[in-house]
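Taking it in order: structure first as structure tokens, then the write-up.
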Amino acid sequence: MSARRESFANALIRNYPGLTTLLQRHAGDLQLAKDILHDAVITTLTKLDAGTLSASEDIAGYVFRTALNHLRTHRRGERLRIGDNAAVDELASDTASPEDQSQSDANTRAVRRVLHGLGSLRDREVLVRFYLDEESKQDICAALGLDEFGFNRVIFRARERLRRLLENIGMGRADLLTLVAIVSLLTLVRYS
Amino acid sequence: MAMTLSDTDRFERLSRYLSGQLNDADAAKFEGDWARNPGWTAELELDARFQAGLGELRRRGQLETAMRGPWWVKSLRVLAMAASVAGIGIALWTWQLAGHAGGLPLTTTATLMLGDSVAVMRLRGASPVSGVLELPAEPRSIELRVMPDVSQALSGDAYSMSLAATNTDASTVASTLKELAIGKDGFIRAYVDSRNLKAGRYRITLRREDSREADEFLILVSSPAAIPHAD
């Protein structure tokens, strides 16, 4: 792969801070997460080159799916099963670049603001149990005395607020627009 | 953006997919649906960022603090309780002095034949009056259609609304209609019996139920138009 394409691959990776952290969370290591994502980008570029993937397809989604498939393969191969999410969260991201760290800080601040914006402790607990502890909707509703509508309402509103906050700090739609631009450039690079 | 059933189902499938809780067949089906819906990528990234932010708060040992909510909420609650006690005292005193000066009863449906419908909204750079109503000659239910601040409003939000004459102390407004939803046209609706209104200025207070901030709108109520008599 040329240096130019490598730099495009790296630029593409930077547009998936959420996915990167998710991979880190499940793989247990930031560098491994980046490697998995990098491999996913390379797989995508290779398929674009081979013509088995059309440039008109959802390239961003394809990278995302491929990365998660690589993660599954890795977990099966290594028999790495992380059962204790809290322990994974304890893993320090010391190897994060300043740019990654700044993005992570902004994201964390936005999530904290979403938590603070929720009206009750119960609503905040719904989010933590659902997103962080990965409990099922049924379990959460039973534990917190919520019906399905109430649960959905909390999740929907919290997501909408996070989306707005991220957009306000330039981490929302702007990223995706950048992504579209990068994908367009990538298709040009294929022929360079 | 309104929440739909398909949205809420998707949130759960999406979350279970991200956390590896779907079996291979369900994961493959999810990926097939995803390939047909490119917009899901942004949704997945959003959920992943939610997880990332919460995970980072836990890693930094800040999750418990964040779970307790903003520090000022407790202080505010104490102040609010003190203010409530004081408010109740003042309200009782005012009640005794001037009779029932509190807010006017609003309803979610028309209780009489429907009269005028007043659209109340903030108009940029315009007069402070957000709506004008001419009282009907006969008793009618007046429909108040109030548009909340669109930059703050979410279609799933619940609102409370009260109506009072502007010379009424806000703390004495007792009748508040709660759990009002924004309609498809962006307005929140409530009804008032025209017999409870007199010519003058009224204040509509609209508050998102999970927020401390309120929108206030001024409406002008005028007497019924004089009907010319035939001599």
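Letters go in sequence order (proteins before strands), and every chain restarts at 1. If you're wondering where the values come from, they're calculated on a predicted model, not measured in any experiment.
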Pairwise side-chain contact, B/R58 with A/D133, heavy-atom cut-off 4.5 Å (strictly under): yes
Non-hydrogen atoms of B/A66 and A/R112 that approach each other most closely: CB-CG, 4.1 Å
Interatomic distance, B/L46 atom CG to A/L162 atom CG [nearest 0.5 angstrom]: 5.0 Å
Other residues, nucleotides, ligands: >12 heavy atoms within 6.0 Å of B/R145 CZ: yes
Any B/L57 side-chain heavy atom under 4.5 Å of A/L132 side chain: no
Aromatic ring pairing B/F50/A/Y131, orientation class (parallel under 30°, perpendicular over 60°, tilted between): parallel
Interface moiety of B/L63 toward chain A, non-hydrogen atoms closer than 4.5 Å: side chain
Interatomic spacing from CE in B/M67 to NE2 in A/H116 - rounded to 0.5 Å: 10.5 Å
Nearest-0.5 Å distance that lies between atom CZ in B/R49 and atom CG in A/L165: 12.5 Å
From B/Q51 atom CD to A/E134 atom CD, the distance as rounded to the nearest 0.5 Å: 5.0 Å
Choice from A/V114, A/V128, A/V111 maximising heavy atom contacts with chain B below 4.5 Å: A/V111
Nearest non-hydrogen partners of A/T108 and B/G53, listed with the distance: CG2-O, 3.9 Å
CG-CZ distance between B/L54 and A/F130, expressed to the nearest 0.5 angstrom: 11.5 Å
Carboxylate-amine/guanidinium contact A/R109 B/E56, below 4.0 Å: no
Per-residue contact mode, A/L118 against chain B (heavy atom under 4.5 angstrom): neither
Chain B contact via A/A110 - which portion, at a heavy-atom distance below 4.5 Å: neither
Atom group of A/D123 that falls short of 4.5 Å from chain B, counting heavy atoms: neither
Toward chain B, the part of A/L19 with a non-hydrogen atom under 4.5 Å: both
Straight-line distance of A/L68 CG to B/F30 CZ, nearest 0.5 Å: 9.5 Å
Pairs of heavy atoms under 4.5 Å with chain A: top-ranked of B/E209, B/Q62, B/E31: B/E31
